[in-house]
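Encoded as structure tokens, the structure appears first; notes follow it.
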Amino acid sequence: MSAPASGGVPILRLGDVLVTGLLNELDDTTAVAFTEELTNRISSDGARGVLIDISRLEIVDSFVARTLMELTTMARLLGARVIVAGMRPPVAITLVELGIQLTGVETALNAEQAMAAMGWHQSLQPSGGGLGEFRPEH
Amino acid sequence: MGSAEAAARERVTSVLREEADEISDRWVQLQLAQPSLDGEVSEAELGEEADALVSALLSGLDLGLPVERVVTSHEEMHRTVSEISMRRARRGVSPTATSLAVLSLKEALLEAVQRRTREGDDLFPSAVLINRLLDSAGALSFETYVEGREEIIRRQSQQLLEVSTPVVRLWRQVLAVPLIGTLDTARTQVVMENLLQAIQEHEALVAIIDITGVPTVDTAVAQHLMHTVNAVRLMGADCVISGIRPPIAQTIAQLGIDLSTILTRATLADALGEAVKLTDAAVSDHAPLDKR
């Protein structure tokens, strides 16, 4: 696979955290391609954390929920921790009403807090032009 | 029968046309004489209502509609009767007084017809006609009254729903929802929506649900609480339930409801302490320099 086949979902690397986000509804092929690329990137980049931002998703059905759960399990097997960030209130309510629990999936309010949970934090004074400072987890 | 009815109708119409003012004045007096009205509606308002109703009745009869349908089909008549009943419903006049008020127009009308009719034989068909005409007005008035009351009840329960579920910010990144009253599906929905919205707005890390004001916790209520907690967790915040009184703790244990995955505290104060600890831990663990 030469070109990224994740359906146009970019995966960025910040330190040893991979940052990605779901943009719109996932279909089967995109989901498979996304899972494949993400797991490959985790192992090739030696990532310790994966941040998946879902703040653009207006609908999360059982399929997307299962994909997220599977991704979490796969990443954990590869030694990385997954945080799903930015779920919208209506989405959370729908998931709860459908009885879908994202078992084992860590959540965060937004990407910023997810990054903080991964050990990345904003410093008050911008030092050396950098916006953030990365502290590896102990 | 047809001709007798037509003659009666003719007679009533002409009486209404010629004695409109006397009839409406008399009607106002009859209503004022009723003790149950209790000054809820002023005399001036009664006069206005009477004039409107009498002229609506006259134009309805002039249109040549069947007697039974004058009230239901003639728009002006329908509106006037509805307005009269709606006004009384809003002022808290009793339903009996409301329909009696409309029905007492019968008396005023009959008296006027009697004054103008010498023949006893002519009086009876007129009385029957007036009865048929105004009984439906009485029924309509009652119906509108009930509708008016139901509207008030609906609005109040909606207000209660909004008033009873405020989300307050207790501390930096700590929100609380004091729940008062029984927790049903509709309220859970409102609480959940408000809470999740507030969590997103304030970027809160911990939400405290205080159930001091919830009288009983059964399996359904526990289910609703669990749903709310799960939704909060999906958003990436944590949830503490506080205000569990001893009897409630006993019920929960006896019913075998499993709340072990949820952090619970006896009082709101304890829960706040716990919440502050949780937020401090989150801040100091990950961002020791960040003192926002």
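Every chain is numbered from 1 and lettered A, B, ... according to where its sequence line falls, protein lines coming before strand lines.
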Starting from the C-alpha separation in whole Å, work towards a yes-or-no answer on side-chain contact (heavy atoms from CB on, under 4.5 Å) for Glu203(B) and Asn110(A).
-> CA-CA 8 Å; Glu203(B) 299 197 352; Asn110(A) 47 37; 3.2 Å; yes
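In terms of the side chain to side chain donor-acceptor pair (under 3.5 Å) criterion, residue partners of Glu151(B) (sequence neighbours excluded) are, by chain and number, Arg155(B). Looking at residues two or more places apart in sequence or on another chain, you find no salt bridge (charged side-chain N to carboxylate O under 4.0 Å, His left out) involving Arg154(B). For Thr261(B), the side-chain contact (heavy atoms from CB on, under 4.5 Å) partners two or more places apart in sequence, or in a different chain, are Met226(B), Arg233(B).
Heavy atoms of Gln197(B) lying under 4.5 Å from chain A belong to its backbone as well as its side chain. For chain B, the nearby part of Gln113(A) is the side chain; its heavy atoms alone come within less than 4.5 Å. At a 4.5 Å heavy-atom cutoff, Leu195(B) makes no contact with chain A through either its backbone or its side chain.
Atoms NE2 and CG, on His202(B) and Leu109(A) in that order, are 11.5 Å from each other to the nearest 0.5 Å.
Using a 4.5 Å cut-off between non-hydrogen atoms, the part of residues 85-104 of chain A that approaches chain B consists of Met87(A), Arg88(A), Pro89(A), Ala92(A), Ile93(A), Leu95(A), Val96(A), Glu97(A), Gln101(A), Leu102(A).
Among Met235(B), Glu193(B), His227(B), the residue making the largest number of heavy-atom pairs under 4.5 Å with chain A is Met235(B).
Nearest approach of Thr107(A) to Leu234(B), heavy atoms of both residues: CG2-O, 3.2 Å.
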